[in-house]
2 protein chains.
Amino acid sequence: MSSFSRVRPGRPRLVPDIGVGTPREQVLEAAARLFTSKGFAATSTREIAEAVGIRQASLYYHFAGKDEILAALLATTVRPTQVVVEEIVALVPPERVETALCLLALVDIDTLARVPHNVGVLYQLPDVVSATNLDYASFRQAHSELTEAYANLGSRVAERYGVSTSPPALGSMLIQQVEGVITLRTDGKAVDSDRATEIAAGCLRLCGCDRAEVDESIRRAKALHEQLTPRTTQSVMSPG
Amino acid sequence: MSSFSRVRPGRPRLVPDIGVGTPREQVLEAAARLFTSKGFAATSTREIAEAVGIRQASLYYHFAGKDEILAALLATTVRPTQVVVEEIVALVPPERVETALCLLALVDIDTLARVPHNVGVLYQLPDVVSATNLDYASFRQAHSELTEAYANLGSRVAERYGVSTSPPALGSMLIQQVEGVITLRTDGKAVDSDRATEIAAGCLRLCGCDRAEVDESIRRAKALHEQLTPRTTQSVMSPG
DNA sequence: GTCTATAGGCTGATAGAC
DNA sequence: GTCTATCAGCCTATAGAC
C-alpha cells in the first residue's frame, strides 16, 4: 500500500524510508530477524526501531507493545494445519499411506524452509513459551495435532513393515526429523529441494520402509507436491 | 564440603541454608532451572538469588558475573567427546558398525537424558549463542565433531543397505534424532530406557537397517552399554 | 506517522559493614 | 560468606508536539 506514494501522512522520518512494504511490515521484518538471531528477551525495542530507521517510541503507533510484535510474528503460520493434513490424505489413495506421510513431510519441510527469517525457532524459545500473555496454548494444540497426524500416518506405515514403535514415540521422532530444517537454518545451512527429499526419505525409513518403497513414495509425493505448489521456485531457501 | 558442618565462615544468611551442596552448587542448580525454563536473558540475577535464598549481591562472591554462571553451566559436559567415540568404536568389532552407531546413540541419549535440568537446551538458545563473551566456539567444534562421528558411522551402515544419503545429511539427521531427547524433556516427557531404545532403533532404521539387523544391534549395544555404565539406575530421568 | 521528552521500573554490578 | 545500600544504565511505555 505504501509504495503507491512516497508521500505519507504524518511527520516525516528522520531517516527517509528506504525499506520495502508498509512500516508495519518493516517492523515485523526487523523483529523477526532480531528475535530469531538474538532471542526475544535479549532484543530491545530500541534495536528494532533502529533497524527500521525510526525512533523507539514510534513503534507504539503500530503495535501496542513488544509482546504484540511477537504475537503478530507467531500468527505467521509456519506449519501445515489440520485442514491441510486432511487435504493431503484425501489426495492419496488409502492404500498408499507411505505416499501420504511423505507428502505431509515434504509440505511441512517446505513451509519451514520458506518462512522468512526462520521464524519456526520462535516457538522453541523458552522466553517465548513462558511469555504467556499470548495464546500460546492454541499453538501448542496445533503442534500436538500435527504430531498426532505424523503418529497416525507413520504408525500405519510402520505396521506394514513390522516396526513396533509406539505411535506417540514414532510421531515425535518424525516431527523431530522434519524440524531438523529449523536447526539447519539456524546453523546457516541452506535447505534446498534435494535436502528436503533426503529428510522425507528419512521419515519413511524411520517407519521401516524398504528402499524400493521409499523411492516409489518419494516419486509419487514429489509429483503431488509440485501439483500443490505450482510455478514457484521449489524449496530453495536462504538460511537466514 | 559444606555439609560437614552447618557452621560456616561469614555472616549467616537471612534465610537459613536448607539446600544441598555448597552455596556455589546451589546457585548453579537454581540458575540451570531458571535458564532452561525461562531463557538466559529473561532470567535476572535477583531471581537466581531468591531461589537460592540469598541476596542478589551475594552471588558476586561466588561468580564474577551472570555470564560466569552461564559459562560454569555450559562447562558441564553433556555430550560424548571425541575420546568417548573412539572408545565406543574400539569396543565393537569393525564388521559390526551398526552396533557401534547404536551404542554411540545410546550413550549420547543417556547423557542428554541424565544431565540435570535439561541443560542441553542452553546450547540451542540464541541469547546464549550470541552472548559470545565465552568460548562458544569450542563447543561448536565439539558438536560438529560429534556430528561427523554420526555421519561416519551412519554412512558406513547406510552403504551396506544401499541407502545413498550423503554423509553430512545423514549425520545431521542422526544427531537431530538423538537430540529429540532435549525436545522431549522440554515438553515435560520423561525419557526412560524404553524410549532411549526406540530412538536408537530409529537411528538404525534411518540408515536403512532391516528389522533383524536393528534387533541384533540393539541387543548387542545394550549389553555393551550396561557394561559401560554399571550399577546405576538405567536411563530413568525426570523431565525437568 | 513520526518526532521529542520523560516517567518509572528493573537490571547487573560495586563498596563496605558485619 | 552474606548482608545493606546504592549506583548508573537500559528498559518499556506514555504524553503530547509537529
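Throughout, protein chains are lettered first and strands after them, A, B, ... in sequence-line order, and every chain is numbered starting at 1. Atom set for the values below is all heavy atoms of this structure, side chains included, hydrogens, waters and symmetry mates excluded. This is a predicted model, so every value here is computed, not measured.
Other residues, nucleotides and ligands contribute over 12 non-hydrogen atoms within 6.0 Å of the CD atom of A:Q56.
Both cation-pi conditions hold for B:K66 and B:F40: the charged atom is under 6.0 angstrom from the six-membered ring centre and inside a 45 degree cone around its axis.
Screening B:D110, B:I182, B:N118, B:L184 for a side-chain contact (heavy atoms from CB on, under 4.5 Å) with B:V191, the sole residue that qualifies is B:L184.
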Sequence-aligned protein contact record of nucleotides 11-18 of chain D, with B where the base is within under 4.0 Å of a protein heavy atom and S where only the sugar-phosphate is:
BBBB--BB
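Rounded to a whole Å, the CD1 atom of B:I48 is 15 Å from the P atom of D:dT2. D:dT2 atom C1' lies 17 Å from atom CZ of B:R24, rounded to whole Å. The CD1-P distance, from B:I18 to D:dT2, rounds to 14 Å in whole Å. Taking atom CG of residue A:D17 and atom C1' of nucleotide C:dC3, one finds them 15 Å apart after rounding to whole Å.
The ring pair (Phe, Tyr, Trp, His ring centres under 6.0 Å) search around A:F139 returns A:Y123, A:Y136, A:H143, not counting sequence neighbours.
Considering all non-hydrogen atoms of both residues, A:L112 and A:V78 come closest at CD2-O, 3.6 Å.
Dashed line: the shortest gap from a side-chain N or O of B:R13 to OP1 or OP2 of D:dT2 is under 4.0 Å.
The listed nucleotides are C:dT4, D:dT4, C:dT2; the one nearest the side chain of B:R55 is D:dT4.
Under 3.5 Å, the side chains of B:E86 and B:Q82 contain no donor-acceptor pair of N or O atoms.
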